[in-house]
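The basis for the numbers below is simple: all heavy atoms, side chains too, and nothing from hydrogens, waters or symmetry mates. Note that ligands are numbered from 1 as they come in the structure, with each ligand's atoms numbered from 1 the same way.
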Amino acid sequence: MRADTNRVVIITGGSRGIGRATALKAAAAGFRVVVGYASNEAAANEVVAGIETTNGKAIAVKCDVGNEADILALFKAADEFGPLGALVNNAGIVGPSLRVDQMSTDRIVRMMAVNVTGSILCAREAVKRMSTKHGGTGGVIVNLSSVAAKLGAPNTYVDYAASKGAIDSFTIGLGHEVAAEGIRVAGIRPGLIDTEIHASGGEPDRAQRLAHNVPMKRVGTADEIANAIVWLLSDEASYVTATIIDVSGGR
Ligand code: NAP
């Protein structure tokens, strides 16, 4: 039975992979869901339709988090949908496997713009709406990091790993900054998860190829990450903030 909170959750990159799974589960938990997407409108609309089929509420909004104007438009659309209760900073990109001495400036700048600056700008907009200091009633921010933040991803995408290291620091710092203002901030570090992100980096089989390195000897699913995210969004996690949880099969 759906417990409708009437509160909105914005999920950046909610059209596919972990974001999609989170959107479906957050709707089932009673959130009105804003499904952000970069370009795949059909996938975003499919998520909205899936939520509406189960009597949930959702809208799809195009938002490249590497673009501030898109972020402001995303939050404006969310404001019109209902009171903001949560943000999931899920949108993230990898690049083709390269050593750092082979990386172009454009690649590194784009990596940081999407994975780091985009997440910080979205959090800024969420805090303006949710903080009791600004007249809000509190809320939750969940940031998607990666175990790459700890492993460094040598010879693959050190730039990506560094962007996720920044997300870890941001999660702790912002968590402390707004802890007394009704906002909890937490991170998730997924391990190898079976999504299309690996194909976008040029290696569709990457997760399966590396599965033997995982202590649990298998890749994870988007649902397994979404379960942790939706738990963090819930009151069950009411004393959890300024921390990052590994969901990685022990990796
Ligand atoms: P994915 O399957 O590649 O899906 C990416 C999602 O983000 C899509 O909805 C995509 O939208 C959206 N997106 C891509 N670029 C964007 C941009 N510039 N602005 C806004 N949205 C954008 O990715 P995923 O595997 O679910 O990863 C989700 C998060 O988990 C990322 O932050 C990733 O770094 C992190 N993570 C994933 C893994 C893993 O193994 N999969 C491991 C550790 C951490 P479109 O559909 O419009 O393209």
Side-chain angles (χ1 to χ4, degrees), residues 10-25 33-48 60-71 73-74 87-95 107 109-119 121-122 142-153 156-157 159-168 170-171 187-211 213-214 218-226 228-229 244-249 251:
I10 294 175
I11 303 172
T12 63
S15 47
R16 291 184 294 118
I18 292 166
R20 175 184 183 278
T22 304
L24 297 172
K25 287 179 186 286
V33 183
V34 176
V35 178
Y37 67 98
S39 60
N40 196 333
E41 184 177 8
N45 286 339
E46 186 266 338
V47 175
V48 170
V61 182
K62 185 169 166 32
C63 172
D64 173 354
V65 299
N67 178 316
E68 184 179 12
D70 275 14
I71 291 173
L74 174 72
L87 163 69
V88 181
N89 266 323
N90 168 75
I93 55 171
V94 296
R107 168 194 165 121
V109 168
R110 177 70 179 161
M111 186 75 70
M112 297 301 160
V114 172
N115 291 6
V116 182
T117 309
S119 294
L121 290 177
C122 285
V142 177
N143 297 321
L144 269 291
S145 174
S146 168
V147 292
K150 297 195 297 187
L151 301 175
T156 312
Y157 26 64
D159 53 346
Y160 171 81
S163 77
K164 295 302 188 180
I167 289 298
D168 286 359
F170 178 62
T171 299
I188 298 276
R189 286 193 207 99
L192 288 167
I193 309 303
D194 186 17
T195 73
E196 293 168 348
I197 201 169
H198 310 288
S200 71
E203 201 187 339
D205 298 334
R206 180 171 186 273
Q208 300 296 346
R209 178 173 65 76
L210 295 174
N213 291 328
V214 179
R218 68 171 178 86
V219 301
T221 66
D223 275 343
E224 287 176 310
I225 304 303
I229 295 170
I244 303 123
I245 301 171
D246 289 350
V247 185
S248 62
R251 191 164 186 248

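Ligand 1 has a nitrogen or oxygen under 3.5 angstrom from a nitrogen or oxygen of His198. Distances between N or O atoms of Gly19 and those of ligand 1 include no value under 3.5 Å. For ligand 1, none of its N or O atoms has an N or O atom of Ser146 under 3.5 Å away. For ligand 1, none of its N or O atoms has an N or O atom of Pro190 under 3.5 Å away. By the 3.5 Å distance cut-off applied to N or O atoms, Val65 is counted among the residues near ligand 1. Note: no N/O pair closer than 3.5 Å links Gly36 and ligand 1 by distance alone. Among the atoms of Tyr37, none of the N or O lies under 3.5 angstrom from an N or O of ligand 1. Backbone and side-chain nitrogen or oxygen atoms of Ala43 are examined, and none is located within less than 3.5 angstrom of a nitrogen or oxygen of ligand 1.
A 4.5 Å side-chain heavy-atom check between Arg209 and Glu203 finds at least one atom pair inside the cut-off. The closest side-chain heavy-atom distance from Val142 to Leu87 is not below 4.5 Å.
Remark: ligand 1 atoms within the under-4.0 Å shell around heavy atoms of Ile93 are 15 (N). Interface of Gly17 with ligand 1, defined as ligand atoms under 4.0 Å from a residue heavy atom, comprises 2 (O), 26 (O). Close approach to Val114 involves these atoms of ligand 1, each under 4.0 Å from a residue heavy atom: 18 (N). Atoms of ligand 1 found under 4.0 Å from any heavy atom of Gly92 (numbered from 1 in listed order, with element): 31 (C), 32 (O). Ligand-side atoms of ligand 1 in range of Asn90: 28 (C), 29 (C), 31 (C), 32 (O), range being under 4.0 angstrom from any heavy atom. Atoms of ligand 1 lying under 4.0 Å from any heavy atom of Tyr160, numbered from 1 in the order shown and given with element: 33 (C), 34 (O), 35 (C), 36 (N), 43 (C), 44 (C). Against a heavy-atom cut-off of under 4.0 Å, Cys63 is close to the following atoms of ligand 1: 19 (N), 20 (C), 21 (N). Each of the following atoms of ligand 1 lies closer than 4.0 Å to a heavy atom of Asn40: 45 (P), 46 (O), 47 (O).
A salt bridge is absent between Asp246 and Arg251; no separation between the charged side-chain nitrogens and carboxylate oxygens falls under 4.0 Å. The existence of a salt bridge linking Asp70 and Lys62 is excluded, since no basic side-chain nitrogen approaches an acidic carboxylate oxygen closer than 4.0 Å. Ion pair Arg16/Glu196 flagged as a salt bridge, since at least one NZ, NE, NH1 or NH2 atom sits closer than 4.0 Å to an Asp/Glu carboxylate oxygen.
In terms of protein heavy atoms, atom 7 (O) of ligand 1 is closest to Gly13 CA, 3.4 Å. Given atom 26 (O) of ligand 1, the protein heavy atom at minimum distance is Ile18 N, 2.8 Å. Looking only at protein heavy atoms, the nearest one to atom 11 (O) of ligand 1 is Ser15 OG, 3.3 Å. In terms of protein heavy-atom proximity, atom 21 (N) of ligand 1 is closest to Ala91 CB, 3.4 Å. Annotation: atom 42 (C) of ligand 1 to nearest protein heavy atom, Gly191 O, 3.0 Å. Nearest to atom 27 (O) of ligand 1 among the protein's heavy atoms is Ile197 CD1, 3.9 Å. The nearest protein atom to atom 25 (O) of ligand 1, hydrogens excluded, is given as Thr195 OG1, 2.4 Å; this is a heavy-atom distance. In this structure, the protein non-hydrogen atom closest to atom 10 (C) of ligand 1 is Arg16 NH2, 3.8 Å.
Among Val65, Val34, Asp64, the one residue that satisfies the side chain to side chain contact (heavy atoms under 4.5 Å, CB included) test with Leu74 is Val34. Of the candidates Asn115, Ile197, Thr156, Ile197 is the only one forming a side chain to side chain contact (heavy atoms under 4.5 Å, CB included) with Val94.
Under 4.0 Å from ligand 1, not a single heavy atom of Thr12 appears. Contact annotation: for Ser145 versus ligand 1, heavy atoms closer than 4.0 Å belong to the backbone alone.
Among Ala38, Ala23, Ala21, the residue whose heavy atom lies nearest to atom 22 (C) of ligand 1 is Ala38.
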Test side-chain contact (heavy atoms from CB on, under 4.5 Å) on Met111 and Ile93 and set out the steps. CA-CA 7 Å; Met111 186 75 70; Ile93 55 171; 4.1 Å; yes
Verify side-chain hydrogen bond (donor to acceptor under 3.5 Å, both in side chains) between Thr221 and Asp194, making sure each step is shown before the conclusion. CA-CA 5 Å; Thr221 66; Asp194 186 17; over 6 Å; no
Verify side-chain contact (heavy atoms from CB on, under 4.5 Å) between Asn90 and Thr22, making sure each step is shown before the conclusion. CA-CA 9 Å; Asn90 168 75; Thr22 304; 5.7 Å; no
Apply side-chain hydrogen bond (donor to acceptor under 3.5 Å, both in side chains) to residues Ser15 and Asn40 and explain how you reach the verdict. CA-CA 7 Å; Ser15 47; Asn40 196 333; over 6 Å; no
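Under a 4.0 Å heavy-atom criterion, Gly118 is not in contact with ligand 1. Heavy-atom distances between Gly220 and ligand 1 stay at or above 4.0 Å for every pair. Heavy-atom distances between Lys164 and ligand 1 reach below 4.0 Å in at least one pair. The shortest heavy-atom distance from Arg110 to ligand 1 is under 4.0 Å. Note on ligand 1: Asp64 sits in its first shell, one or more heavy atoms being nearer than 4.0 Å.
The minimum heavy-atom distance linking Met112 with Asp159 is given by the pair CE-O, 3.4 Å.
For Thr12 (side chain) and Ala91 (main-chain N/O), a donor-acceptor pair under 3.5 Å exists by modelled atom type. Looking only at distances, no side-chain donor or acceptor of Lys25 sits under 3.5 Å from a matching main-chain atom of Arg20. Side-chain atoms of His198 come within 3.5 Å of backbone N or O of Ile193 as a donor-acceptor pair. Side-chain N or O atoms of Asn89 include one that pairs as donor or acceptor with a backbone N or O of Ser119 at under 3.5 Å.
Annotation for Arg189: atom CZ counts as buried by contact number, over 12 foreign heavy atoms lying within 6.0 Å.
Atom OG1 in Thr117 sits 10.5 Å away from atom CZ in Arg110 (nearest 0.5 Å).
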